[in-house]
J.: 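The structure's right below; bear with me while I get my questions together.
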2 protein chains.
Amino acid sequence: MTARQARSEAQRLLDASGVRATPGRVQVLAELVREPNDATAQGLHERLRARGERVGLATVYRTLGVLVEHGIVDALSHSPGELCYRICGGGHHHHLVCTECHRVEELGSCELDEWLERAAAVHGFRATSHRLEVAGVCAGCAGA
Amino acid sequence: MTARQARSEAQRLLDASGVRATPGRVQVLAELVREPNDATAQGLHERLRARGERVGLATVYRTLGVLVEHGIVDALSHSPGELCYRICGGGHHHHLVCTECHRVEELGSCELDEWLERAAAVHGFRATSHRLEVAGVCAGCAGA
DNA sequence: TTTAGTGCAAAAGTTTTGCATGGTC
DNA sequence: GACCATGCAAAACTTTTGCACTAAA
């Protein structure tokens, strides 16, 4: 994907969510569009600077906050003390992360709700939400 | 549970795992024994100091690291940038956390493995481990 | 003109590390 | 003596906030 394509896709995503497409936001989101897996705020900032785009670290954090708030990106925390961000399909889903190469796949369907409701009820809980992260080894890494 | 009981339970847990029962470790672990839910490193440190026990914050962190390494306690991260620790029963299990009072229950049985294997295989992954955290409202808070 | 976004620097917060000290095997 | 644990302080690191400035509605 070219830089121009990434920027236009970023613009489209922002427009679709009614978020003003400011320069900083387009830069950050375009960088995420080019990233098939997930990236940290620091990592995104470094890449943008390396690419010659003048964007502040605070703007990267503020932008990611806005993007998460509008559901344009998801925040994952597979290592403590550090959040990773990723563009995600809509709806409820979970992630499959390769422990070797950090590739991320989405698990489209989630068939946990019914089981969860029963399991929670045993403890007197009403389950309202859940987060599942699956670690594994992807086909590429298993072969190597 | 009295302070003496907590300390002796802590000692037992350390012995059972072959971890040397030094003063700092017994203090930290005894504090976790008294805690039905989970606690942060900072919180444990504060409580120990308030109780008059002279223990350094670094020791609390180092001890928690050792305890996690030996599977004596679990580290949960339900808020980013901060880990919570908790004594856990052995074996594979998941947590049910009340969003109101932060009470934590263990979900004893995990019936996800079969479903997960199939779901991962669709993406060419071999699932090796998973982590599930369920948020909900406990009976007490639902009533209030 | 009023609001929203941005860059920079400083601050806040958690966790780790260096180093000297004291206890244990 | 060698090693491990500990306290303290300093450092590292991620993330947030204050403030001045700019651009946009």
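Per chain, numbering begins at 1; letters A, B, ... match sequence-line order. Atom set for the values below is all heavy atoms of this structure, side chains included, hydrogens, waters and symmetry mates excluded.
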J.: Name all residues meeting the ring-ring contact (aromatic ring centres under 6.0 Å, His included) criterion together with H130(A); count only those two or more places apart in sequence or in a different chain, and write none if there are none.
T.: H92(A), H94(A)
J.: For DNA chain C, which residues in residues 44-76 of chain A have a heavy atom at a distance below 4.0 Å?
T.: R49(A), R54(A), V55(A), G56(A), A58(A), T59(A), R62(A)
J.: Are there more than 12 heavy atoms of other residues, nucleotides or ligands under 6.0 Å from atom CZ of R54(A)?
T.: no
J.: Restricting to nitrogen or oxygen on both sides, can you table the protein-nucleotides 1-4 of chain D pairs closer than 3.5 Å?
T.:
none

J.: Among all residues two or more places apart in sequence or in another chain, which pass the side chain to side chain contact (heavy atoms under 4.5 Å, CB included) test with V68(B)?
T.: V73(B), A75(B), Y85(B)
J.: Less than 3.5 Å apart, which donor and acceptor atoms pair up between the side chains of residues 27-41 of chain A and the rest of the protein, not counting sequence neighbours?
T.:
{"from": "E31(A)", "atom 1": "OE1", "to": "R51(A)", "atom 2": "NE", "distance (Å)": "3.3"}
{"from": "E31(A)", "atom 1": "OE1", "to": "R51(A)", "atom 2": "NH2", "distance (Å)": "3.4"}
{"from": "E31(A)", "atom 1": "OE2", "to": "R51(A)", "atom 2": "NH2", "distance (Å)": "3.1"}
{"from": "E35(A)", "atom 1": "OE1", "to": "R47(A)", "atom 2": "NH1", "distance (Å)": "3.1"}
{"from": "E35(A)", "atom 1": "OE1", "to": "R47(A)", "atom 2": "NH2", "distance (Å)": "3.0"}
{"from": "E35(A)", "atom 1": "OE2", "to": "N37(A)", "atom 2": "N", "distance (Å)": "2.9"}
{"from": "N37(A)", "atom 1": "OD1", "to": "V104(A)", "atom 2": "N", "distance (Å)": "3.0"}
{"from": "D38(A)", "atom 1": "OD2", "to": "H78(A)", "atom 2": "NE2", "distance (Å)": "2.6"}
{"from": "T40(A)", "atom 1": "OG1", "to": "G43(A)", "atom 2": "N", "distance (Å)": "2.9"}

J.: Quickly work out the Q27(B) CD to dT6(D) C1' distance and round it to whole Å.
T.: 11 Å
J.: State which residues pass side chain to side chain contact (heavy atoms under 4.5 Å, CB included) with Q11(B); sequence neighbours excluded, sorted by chain then number.
T.: D15(B), A21(B), V26(B)
J.: Given a cutoff of under 4.5 Å between side-chain heavy atoms of I, L, V, M, F, W and Y, with clusters grown through shared members, what are the other residues clustered with L57(B)?
T.: Y61(B)
J.: What side-chain donor-acceptor pairs closer than 3.5 Å can you find for residues 131-144 of chain B, not counting sequence neighbours?
T.:
{"from": "R131(B)", "atom 1": "NH1", "to": "E133(B)", "atom 2": "OE2", "distance (Å)": "3.4"}

J.: On DNA chain C, which is the earliest and which the latest nucleotide, 5' to 3', with an atom closer than 4.0 Å to a heavy atom of chain B?
T.: dT14(C) to dG18(C)
J.: The criterion is ring-ring contact (aromatic ring centres under 6.0 Å, His included); which residues satisfy it with H95(B), sequence neighbours excluded?
T.: H93(B)
J.: Please name all residues satisfying ring-ring contact (aromatic ring centres under 6.0 Å, His included) with H45(B), sequence neighbours left out, ordered by chain then number.
T.: none
J.: Apply side chain to side chain contact (heavy atoms under 4.5 Å, CB included) to R118(B) and list each qualifying residue two or more places apart in sequence or on a separate chain.
T.: E114(B), W115(B)
